[in-house]
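Here is the structure we will look at.
Values below: every heavy atom of this structure, side chains too, minus hydrogens, waters and symmetry copies. For reference, positions follow the sequence shown, starting with 1.
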Amino acid sequence: MASLLLSALLLAAPASLAAPAADTIAEVPALLAPRKWYRPTHALLQTGGGLGMVTGGVGYTLFNNRVDADVLVGYVPKRFAGSVLSVASLKLMYSPFRMRVAEQVQVLPFTIGGFCSYTHGTINSGVKGQYPSDYYWFSTDSRYGPFVGGRLTYLAPPIAATGTPRKLSFYYELGSNDLYIASYLTNLDGGLRISQLLTLALGVKADF
């Protein structure tokens, strides 16, 4: 009997070594699918900045989180502009450094960038043909200019299912545009104040 039990144990040992118990197998997480190149990394919603009363869009974060490239569409109601305006804009922003002020809070104290925009829906109340075609030397629809700003970011826990990091940021941008700057430089006798050159944008950005 003893020899039979010993033989059974010897036969069962290789099988037990080859197939460990199910509860001892470590679960290996599935590899995350790479992000498609065309998929945006963040969404934005802002007001002001010369890009619309309400402006929303998406963008891409590049070069080790130093550069943001954004595409936005803005809206201005008729009662504020004489006609309904829609503003399509491109923004490029660079943040040279960031500061971690708490475990989940990050500050970008200085950002710098530029934008270009096209406004659809502008009107001229003058009689058709009242002015020659070159009367206005500047474009009434297209604007471009610089801005500086800052950002406060909350580092949210990553998405449990995918491990994708999340951030929620609040930002401001103080800027100007080509028409404002040209008007100031041609009225250095005091026609315009510095404050009249500036635009202010306030917004929120969500990384996903």
Side-chain angles (χ1 to χ4, degrees), residues 35-36 38-62 65-95 98 104-125 136 138-156 159 164-184 192-208:
R35 182 189 293 267
K36 301 294 185 181
Y38 53 81
R39 180 186 171 191
T41 58
H42 56 261
L44 306 96
L45 184 67
Q46 73 173 52
T47 182
L51 304 182
M53 180 167 289
V54 178
T55 305
V58 296
Y60 303 85
T61 300
L62 310 166
N65 296 324
R66 298 297 182 188
V67 175
D68 284 355
D70 304 323
V71 181
L72 304 106
V73 175
Y75 168 77
V76 181
K78 180 178 180 179
R79 61 174 176 162
F80 294 105
S83 63
V84 175
L85 302 181
S86 55
V87 188
S89 308
L90 296 174
K91 287 201 312 182
L92 195 66
M93 187 203 75
Y94 173 66
S95 54
R98 61 202 65 218
Q104 291 182 290
V105 180
Q106 187 180 77
V107 174
L108 279 67
F110 177 73
T111 62
I112 185 170
F115 76 92
C116 62
S117 67
Y118 177 82
T119 302
H120 174 74
T122 56
I123 60 174
N124 188 336
S125 58
Y136 292 108
F138 57 88
S139 170
T140 58
D141 300 320
S142 301
R143 296 271 73 82
Y144 54 90
F147 63 83
V148 296
R151 180 180 298 172
L152 177 67
T153 299
Y154 170 68
L155 306 174
I159 300 173
T164 304
R166 294 181 296 171
K167 301 177 185 177
L168 183 64
S169 304
F170 301 91
Y171 66 88
Y172 79 92
E173 293 169 355
L174 198 62
S176 189
N177 62 55
D178 56 316
L179 180 57
Y180 290 1
I181 295 171
S183 299
Y184 176 78
L192 293 174
R193 299 187 301 273
I194 290 291
S195 60
Q196 294 176 291
L197 299 178
L198 303 177
T199 60
L200 175 64
L202 300 173
V204 60
K205 172 191 174 200
D207 292 74
F208 49 83

Work out which heavy atom in [X] is nearest to a heavy atom in [Y]; give both atom names and the distance.
X	Y	answer
T199	S176	OG1-N, 4.0 Å
T55	G74	OG1-CA, 3.6 Å
S89	V87	OG-CG1, 3.7 Å

Only distances under 3.5 Å count here; give the side-chain donor-acceptor pairs of residues 144-155 to other protein atoms, sequence neighbours excluded, each with its distance to 0.1 Å.
residue: R151; atom: NH1; partner: D68; partner atom: OD2; Å: 3.4
residue: R151; atom: NH2; partner: D68; partner atom: OD2; Å: 3.4
residue: T153; atom: OG1; partner: S169; partner atom: OG; Å: 2.7

Measuring from atom [atom1] of [X] to atom [atom2] of [Y], what distance do you get when rounded to the nearest 0.5 angstrom?
X	Y	atom1	atom2	result
L62	Y94	CG	OH	13.0 Å
R66	T111	CZ	OG1	12.5 Å
L85	T119	CG	OG1	6.5 Å
L174	L198	CG	CG	5.0 Å
T41	D70	OG1	CG	8.0 Å

Under the side chain to side chain contact (heavy atoms under 4.5 Å, CB included) rule, what do L44 and Y171 come out as? Steps first, then yes or no, please. CA-CA 10 Å; L44 306 96; Y171 66 88; 3.7 Å; yes

Is Y60 reaching over with its side chain to a backbone N or O of V67, donor-acceptor style, under 3.5 angstrom? no

Any donor-acceptor N/O pair, S83 side chain to G121 backbone, under 3.5 Å: yes

For [X], all residues meeting side-chain contact (heavy atoms from CB on, under 4.5 Å), sequence neighbours excluded:
X	result
V54	L45
S142	Y118, S139
Y184	L188, L192, I194, L197
F80	M53, V76, P77

Using the side chain to side chain contact (heavy atoms under 4.5 Å, CB included) rule, take R166 and L168 through it: C-alpha gap first, then chi angles, then the decisive distance, then the call. CA-CA 7 Å; R166 294 181 296 171; L168 183 64; over 6 Å; no

Can you pull the salt bridge (charged side-chain N to carboxylate O under 4.0 Å, His left out) pairs that have at least one residue in [range], sequence neighbours excluded?
range	value
residues 170-183	K91-E173, R143-D178
residues 38-53	none
residues 73-87	none

Intermediate values then yes/no, side chain to side chain contact (heavy atoms under 4.5 Å, CB included), T61 and H42: CA-CA 8 Å; T61 300; H42 56 261; 3.2 Å; yes

Using side-chain hydrogen bond (donor to acceptor under 3.5 Å, both in side chains) as the criterion, list what pairs up with [X], not counting sequence neighbours.
X	result
N65	none
Y180	none
S95	R98

Using a 4.5 Å cut-off on heavy atoms from C-beta on, say whether the side chain of V71 contacts that of L90. yes

With sequence neighbours excluded, what pairs up with F138 under the ring-ring contact (aromatic ring centres under 6.0 Å, His included) test? Y136

